[in-house]
Structure formats: C-alpha cells, structure tokens
Amino acid sequence: MLRLLDTATGETRPLEARESGEIGLYVCGPTVYGPPHIGHGRATLVYDILRRYLEWSGQVVRHVSNVTDIDDKIINVAVTEKRSWQDVAVGAEDTWWDAMDRMGVLRPHVVPHATEYIPEMVELVARLVEAEVAYETAEGVYLSVANVPGYGLLAHQSLDSLRAGARVEVNEDKRAPVDFALWKKAKPDEPSWPAPFGPGRPGWHTECVVMSLALLGDGFALHGGGEDLKFPHHENERAQAVALGQPFARHWIHHGMILLGQEKMSKSLGNIVDLRRMLEVHDPRAYRLVVLQGHYREQMKVDETRIADASRTLSGLDALGRRLEEAARDGGSAPPSPDVLDGFKEQMDADLGTPRAVATLFDAVRRANIALDRRETEVGVSLARGAMVGFDVLGLAPVGSAEVSDSALELARRRDAARASGDYAAADGLRDELVALGYRVEDTPSGTRVLR
RNA sequence: GGCGGCGUGGCCGAGUGGUUUAGGCAAGGGCCUGCAAAGCCCUGUACCCGGGUUCGAUUCCCGGCGCCGCCUCCA
C-alpha cells in the first residue's frame with residue numbers, strides 16, 4: 001500500500017481509494033502558450049510514475065490533468081504574434097503532447113480543457129456570490145479570502161501572516177490584497193464568455209476546482225502539482241470548494257523544482273531548458289532516470305552531465321536486457337525474483353521512494369550479471385527479470401538495438417570466421433570497419449554481436 | 001518580515017543513533033578476453049561549523065554560517 005506525505009497535514013499516510021475502488025488523481029496541467037521546459041518534464045514524469053506504479057499495484061486510477069487553454073498569457077502571445085488565441089493554444093498543446101509522447105508519458109485518462117467548462121465555472125462563481133463569500137467589482141468577481149475558514153492550510157500560514165507578506169500589486173478594486181479573481185471581466189477585444197456578472201473569462205484557480213470536482217467528484221483522492229503551485233493556486237482552489245461546503249482533495253502532494261546551477265529554473269528568470277531540445281540530444285529515458293534518482297519532493301539540480309551519466313547507466317541496463325534475451329533463448333525460464341520485486345515495492349510504498357527503488361533494481365542488475373557470468377542461468381534470469389519488471393513499471397524498459405544492416409551482419413559473419421581460423425588481424429580489421437559504420441561490437445558465446 | 005527545505009566521498013544523489021550499510025557516473029588498479037567491448041572485483045579514510053544530549057551522532061537538540069524555494073505569473 002502506497003503511503004504518501006500529505007502536504008496539507010504533513011503526515012505520511014496511505015493513499016486510499018474510495019468505496020468504488022477508484023483513485024481519483026488530479027494534476028494541474030499546462031497553460032498552453034509556449035513550448036514545455038524540463039520542469040514540465042519532471043512534473044509529468046513524477047505523476048506518470050505514480051500512476052504507473054499504482055496501476056501495477058492493482059489500483060484503478062482515474063488520472064485527470066487539465067489544459068488551460070484560455071489565460072492572460074495566451075492572449076498576450078496572440079496579440080504579440082498577431083495570431084488568434086485559439087491558434088496559440090492549439091499549437092502549444094500539440095507541441096506539449098509531442099514532447100510527452102517522446103518521454104513515454106501515458107496520456108491522462110481525461111484531459112479537460114478550460115474552455116469546455118465555462119458554464120460550470122460561471123455557475124460556481126455565481127454560487128460563491130450568492131453565498132456572499134465573493135463580491136463583484138468593476139473589473140471582475142473576487143473571492144473574499146477572509147470569509148473562508150481555514151484559509152492558509154496548504155501554505156501553513158495564518159491569514160495574518162499571508163497578509164503581511166503579500167506582494168501583490170495594490171489593486172483598489174479588491175477589498176483585500178489576498179483576495180483573488182474568480183472571473184475577469186473582458187476588456188475591449190478580449191475573448192469573453194457570457195455571465196450574469198458581465199462577459200469575461202474565468203480566473204485560473206476557478207478552472208481547476210471546477211474541472212477536478214466535475215470529473216472526479218467531491219472528496220477525490222489526490223491532488224498534485226509543483227511546489228510553486230501550493231500557494232496561491234492550490235490554496236485558492238481549495239478555498240472555493242471550502243466556501244461552498246464541498247469536500248475537496250483528501251490528499252495533496254507537491255514535487256520539487258528544478259535548479260539550474262544554484263537557482264530555480266523559471267520563466268521569469270529566463271533560464272529555461274527546452275524539453276524538446278533535451279529530448280533530441282539524449283535518450284528520452286535518461287531524463288526519466290534522472291528524475292527517478294532524486295526524491296520527488298526535493299529540489300533537483302539538472303545539467304547536461306547528469307543526463308549524459310544517466311544515458312550511460314541505461315546502456316548497462318540495455319546490455320543486461322540483451323543477455324536476458326539470450327539466456328531466455330537458451331532455455332532460461334525462471335520467473336522474476338520475488339525478493340527483487342518485494343524490495344522494489346517496499347521502497348516505492350515509502351512515499352514513492354524512487355531513488356531507493358531504483359537502487360534496489362540496479363543491485364539486482366549487478367547480481368544478475370554475476371550469475372550469468374557464472375553460467376547460473378536460472379538465478380541470473382530470475383534476477384534480471386525482477387529488475388526488468390521494476391524498470392518497466394517505472395517506464396524504463398530496455399530498448400532493442402536499432403536495425404543492423406545486412407552488410408554489417410555479413411561483416412560480423414566474416415569476423416567470426418576470421419577469429420575461428422585464428423586470423424586476428426583480419427578479425428580486428430572487420431571490427432574496425434563495423435565501428436566506423438557506427439556500430440558497437442561485443443563478443444558473446446554465440447559470436448559477434450553488432451548493435452547501434 | 002512570515003513559512004518551508006537543503007548543506008553527504010571527484011560529481012550527482014539516498015539514508016541511518018552504533019554494527020556490512022544506498023545507487024548511478026567518473027578515476028585508479030585487477031579479473032575475464034587472442035586484443036578489445038560487455039561483465040565482474042578491489043581502492044579512495046563522506047557526512048558545513050560550534051556546542052549539547054548519549055556509553056556512542058553524519059543521524060536527535062540548540063546556536064552559527066552558507067544555499068534554495070514559496071509568500072506575484074510559474075511545473
């Protein structure tokens with residue numbers, strides 16, 4: 001049973017399915033106005049890993065992750081680039097899924113778009129106004145945070161200390177600086193939807209509360225997102241549900257930010273590493289491994305070296321994959337080692353302890369290689385299979401080598417013949433030719449192995 | 001100012017009151033190999049500083065120093 005640290009209470013406790021047996025997981029998705037960066041990559045990988053593990057553990061997961069397709073930032077890009085806001089959103093979303101596919105991230109079961117839920121959002125805002133926790137002004141509708149019991153739960157701060165630290169621009173329109181917009185009335189030429197309080201668009205915090213409750217129902221299991229969304233975004237989502245008396249997420253998790261050098265990577269600092277570029281340069285699994293090697297709640301330093309190191313690690317894993325195939329061909333039939341799987345589960349269940357889980361798996365890799373070196377085939381196969389099951393759950397299944405051309409296979413055959421006849425000069429020449437063609441050459445009991 | 005986190009061996013990064021004590025990468029030495037590759041083995045006296053608690057602290061407490069994040073859009 002997976003136990004997770006709940007950032008609302010600070011307790012580590014089991015993630016519980018509801019009566020239906022289903023675990024509702026809501027993760028804040030992208031605002032589609034530009035290409036994704038490696039921080040988005042980490043975020044989606046963390047929840048992808050969580051979901052894969054839950055499903056492998058036999059849980060039924062309903063993974064919902066939204067796309068914010070109407071927002072000030074989208075409008076700004078549209079204006080600057082003289083495109084329609086729809087065009088900006090659709091284009092950026094395509095780019096997003098393309099990158100996610102390349103990372104092997106499973107699509108969420110449901111991907112709601114903000115623009116598909118405007119009537120529901122209008123209704124929620126209207127209910128908040130009716131309940132007198134929200135008020136209308138010339139510019140929009142705001143939630144009066146002071147009227148929400150327990151505001152500050154996620155921030156772990158009292159309302160007073162939040163007030164003291166507020167650095168939001170002074171807005172004469174609002175009653176209090178901490179109040180936030182539920183509905184933004186449209187200015188001329190801005191996209192808008194009709195509402196009783198005047199045409200406009202929803203505030204960001206309203207989107208997520210409406211869509212999560214609409215798709216997962218009151219009291220859904222888990223809400224996740226980046227550390228930077230804890231406050232105010234998640235706090236404000238929660239505030240709306242609380243103000244309406246609706247049970248919201250029962251468990252919250254937040255993942256740590258990416259550090260480049262010594263500081264957080266963020267758009268406002270301009271130190272962005274484009275995810276697509278990174279995926280072009282490295283094995284897409286390498287970044288997933290980097291993410292797994294750090295704990296999800298910790299900040300994580302990322303640089304080229306780390307990703308390249310991870311690529312090397314993976315080539316060792318792939319090598320074991322090849323040995324396993326061969327051993328299986330030679331009759332190795334042992335099932336995955338239960339010890340390895342138990343160790344893996346134990347680590348994963350402890351607040352998604354992927355660094356230790358991965359360590360357990362690599363230890364099994366080493367032991368599998370030892371056993372195979374010693375020709376203890378069944379032991380080796382069992383350990384190797386155990387490791388592979390774990391890596392597969394984490395989305396790191398070994399990849400087969402790329403196509404090897406017929407001419408390369410011919411060179412390999414000639415090399416084997418040369419070696420058999422003791423003509424090592426010829427054999428080494430043939431190996432050099434293969435290397436020059438971009439292949440790697442390994443000797444195995446069954447002859448030359450050629451791979452890309 | 002408020003809140004939270006971090007400081008571990010060449011690098012990254014887990015973890016723990018003591019004993020065998022991650023894991024990955026890199027380096028040096030070795031085994032294997034016709035030579036390589038792949039694989040395996042060994043090596044490097046790791047826990048920011050100062051106090052305290054303790055039979056014993058890297059791990060707990062207190063105080064420093066340094067760094068990061070949130071309190072504004074942000075994964």
Side-chain angles (χ1 to χ4, degrees), chain A residues 7 10 27-31 36-47 71-73 76 152 154-158 160-169 177-178 204 224-233 235 254-259 261-269 272 275 289-290 292-295 297-303 305-320 322-323 347 353-363 365-370 372-374 419 422-425 427-428 431-432 435 440-444 448-449 451:
Chain A
T7 43
V27 180
C28 289
T31 298
H37 54 65
I38 60 174
H40 296 112
R42 181 185 193 183
T44 46
L45 285 168
V46 164
Y47 301 104
D71 178 90
D72 292 4
K73 291 192 286 287
N76 290 342
L154 290 171
H156 294 291
Q157 297 230 62
S158 69
D160 280 343
S161 51
L162 286 167
R163 280 196 188 106
R167 10 169 212 171
V168 276
E169 288 169 39
V178 282
W204 181 39
E227 190 86 61
D228 53 351
L229 298 187
K230 202 192 285 182
F231 188 92
H233 182 55
E235 190 77 52
H254 293 93
H255 64 266
M257 301 289 100
I258 295 293
L259 260 40
Q262 211 56 261
E263 62 187 2
K264 176 189 165 189
M265 180 182 74
S266 78
K267 287 170 189 169
S268 41
L269 292 168
I272 299 299
L275 181 59
L289 178 57
V290 167
L292 285 162
Q293 284 177 320
H295 188 85
R297 282 194 278 107
E298 299 298 333
Q299 295 177 157
M300 193 174 74
K301 281 184 257 184
V302 173
D303 57 36
T305 310
R306 265 196 91 175
I307 302 171
D309 285 355
S311 300
R312 275 188 284 272
T313 309
L314 288 167
S315 65
L317 176 62
D318 292 344
L320 178 65
R322 294 189 295 272
R323 293 191 83 174
Q347 305 305 163
T354 59
R356 304 192 107 207
V358 163
T360 301
L361 263 24
F362 280 114
D363 187 57
V365 166
R366 197 190 85 256
R367 289 186 291 134
N369 275 313
I370 292 171
L372 293 171
D373 281 351
R374 290 184 187 154
R419 291 186 69 215
D423 185 355
Y424 294 118
D428 290 352
R431 180 168 61 197
D432 291 345
V435 169
R440 281 166 48 207
V441 179
E442 292 177 5
D443 282 351
T444 74
T448 298
R449 175 195 283 141
L451 43 135

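Reminder, nothing fancy here: chain letters follow the sequence lines and each chain counts from 1.
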From the list [options], which nucleotide is the closest neighbour of the side chain of [X]?
| X | options | result |
| --- | --- | --- |
| Gln299(A) | G39(B), G69(B), A37(B) | G69(B) |
| His40(A) | A75(B), A36(B), C25(B) | A75(B) |
| Ala359(A) | G13(B), G23(B), A38(B) | G23(B) |
| Leu229(A) | A75(B), G23(B), C71(B) | A75(B) |
| Asn369(A) | C40(B), C12(B), C68(B) | C40(B) |
| Asp443(A) | A26(B), C35(B), A14(B) | C35(B) |
| Arg356(A) | C12(B), A14(B), C35(B) | A14(B) |
| Ala43(A) | C25(B), A75(B), C68(B) | A75(B) |
| Ser161(A) | G2(B), C71(B), C68(B) | G2(B) |
| Gln157(A) | G24(B), G2(B), G39(B) | G2(B) |

Starting from [atom2] on [N], measure out to [atom1] on [X] and report it in whole angstrom.
| X | N | atom1 | atom2 | result |
| --- | --- | --- | --- | --- |
| Met257(A) | C73(B) | CE | P | 15 Å |
| Leu361(A) | A14(B) | CG | P | 17 Å |
| Glu298(A) | G4(B) | CD | C1' | 11 Å |

*Hey, is Asp309(A) close enough to Arg312(A) for a salt bridge, meaning N to O under 4.0 Å?*
yes

*Carboxylate-amine/guanidinium proximity below 4.0 Å for Asp363(A) and Arg356(A)*: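 Answer for the salt bridge query: no.
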
Work out how far the [atom1] atom of [N] is from that of [M], and round it to whole angstrom.
| N | M | atom1 | answer |
| --- | --- | --- | --- |
| G9(B) | G24(B) | C1' | 14 Å |
| G66(B) | G29(B) | C1' | 38 Å |
| C60(B) | G18(B) | P | 11 Å |
| G50(B) | A75(B) | P | 42 Å |
| U21(B) | G44(B) | P | 12 Å |
| A14(B) | C6(B) | C1' | 14 Å |
| G5(B) | U16(B) | P | 16 Å |
| C49(B) | G7(B) | C1' | 11 Å |

Just to verify, what does [X] make a salt bridge (charged side-chain N to carboxylate O under 4.0 Å, His left out) with, not counting sequence neighbours?
| X | value |
| --- | --- |
| Arg449(A) | Glu326(A), Glu442(A) |
| Asp423(A) | none |
| Arg42(A) | none |
| Asp428(A) | Arg431(A) |

*Would you check, one step at a time, whether the test side-chain contact (heavy atoms from CB on, under 4.5 Å) holds for Thr448(A) with Asp443(A)?*
CA-CA 5 Å; Thr448(A) 298; Asp443(A) 282 351; 4.2 Å; yes

Who does [N] pair with, Watson-Crick or G-U, both distances under 3.5 Å?
| N | value |
| --- | --- |
| U54(B) | none |
| C11(B) | G24(B) |
| U16(B) | none |
| C47(B) | none |
| U33(B) | none |
| G69(B) | C3(B) |

*Would Val27(A) and Val46(A) satisfy side-chain contact (heavy atoms from CB on, under 4.5 Å), going step by step from the backbone distance to the final call?*
CA-CA 10 Å; Val27(A) 180; Val46(A) 164; over 6 Å; no

_Using the rule given for side-chain contact (heavy atoms from CB on, under 4.5 Å), can you reason through Thr7(A) versus Glu227(A), listing the C-alpha separation, both sets of side-chain angles and the distance that settles it, and then say yes or no?_
CA-CA 10 Å; Thr7(A) 43; Glu227(A) 190 86 61; 5.8 Å; no

Heavy atoms under 4.0 Å, any strand shown: does [X] hit a base, just sugar-phosphate, or nothing?
| X | answer |
| --- | --- |
| Gly41(A) | nothing |
| Ala155(A) | sugar-phosphate |
| Pro232(A) | sugar-phosphate |
| Glu442(A) | base |

For nucleotides 41-43 of chain B, list the nitrogen or oxygen atoms of the protein found under 3.5 Å from its nitrogen or oxygen atoms, one pair per line.
| unit_1 | atom_1 | unit_2 | atom_2 | d |
| --- | --- | --- | --- | --- |
| C41(B) | OP1 | Arg366(A) | NE | 2.8 |

Contacts of [X] that satisfy ring-ring contact (aromatic ring centres under 6.0 Å, His included) - sequence neighbours left out:
| X | result |
| --- | --- |
| His40(A) | His37(A), Trp96(A) |
| His233(A) | Trp204(A), His205(A) |
| Phe231(A) | none |

*Give a yes or no on whether a donor-acceptor pair under 3.5 Å exists between the nucleobase atoms of G69(B), that is its base, and the side chain of Asp228(A).*
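Result: no qualifying N/O pair found.
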
*Give a yes or no on whether a donor-acceptor pair under 3.5 Å exists between the nucleobase atoms of A22(B), that is its base, and the side chain of Asp363(A).*
no

*Closest nucleotide of RNA chain B for His295(A) versus for Val365(A): which of these residues is on the 5' side?*
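Whichever sits nearer the 5' end wins; that is His295(A).
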
_First of Ala427(A) and Val441(A) reached from the 5' end of RNA chain B, by closest nucleotide_ =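 On the 5' side of the pair lies Ala427(A).
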
Do any N or O atoms of the protein come closer than 3.5 Å to N or O atoms of nucleotides 16-20 of chain B, and which pairs are they?
none

*Could you go through the side-chain contact (heavy atoms from CB on, under 4.5 Å) check for Gln157(A) and Glu235(A) one step at a time?*
CA-CA 11 Å; Gln157(A) 297 230 62; Glu235(A) 190 77 52; over 6 Å; no

N/O (side chain, [X]) to phosphate O (OP1/OP2, [N]) under 4.0 Å:
| X | N | result |
| --- | --- | --- |
| Arg323(A) | G39(B) | no |
| Lys73(A) | C73(B) | no |
| Arg431(A) | A37(B) | no |

*Less than 5.5 Å between centroids and less than 30° between ring planes, does Phe362(A) satisfy that with G23(B)?*
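Stacking is absent between G23(B) and Phe362(A), given that the ring centres and planes do not meet under 5.5 Å and under 30°.
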
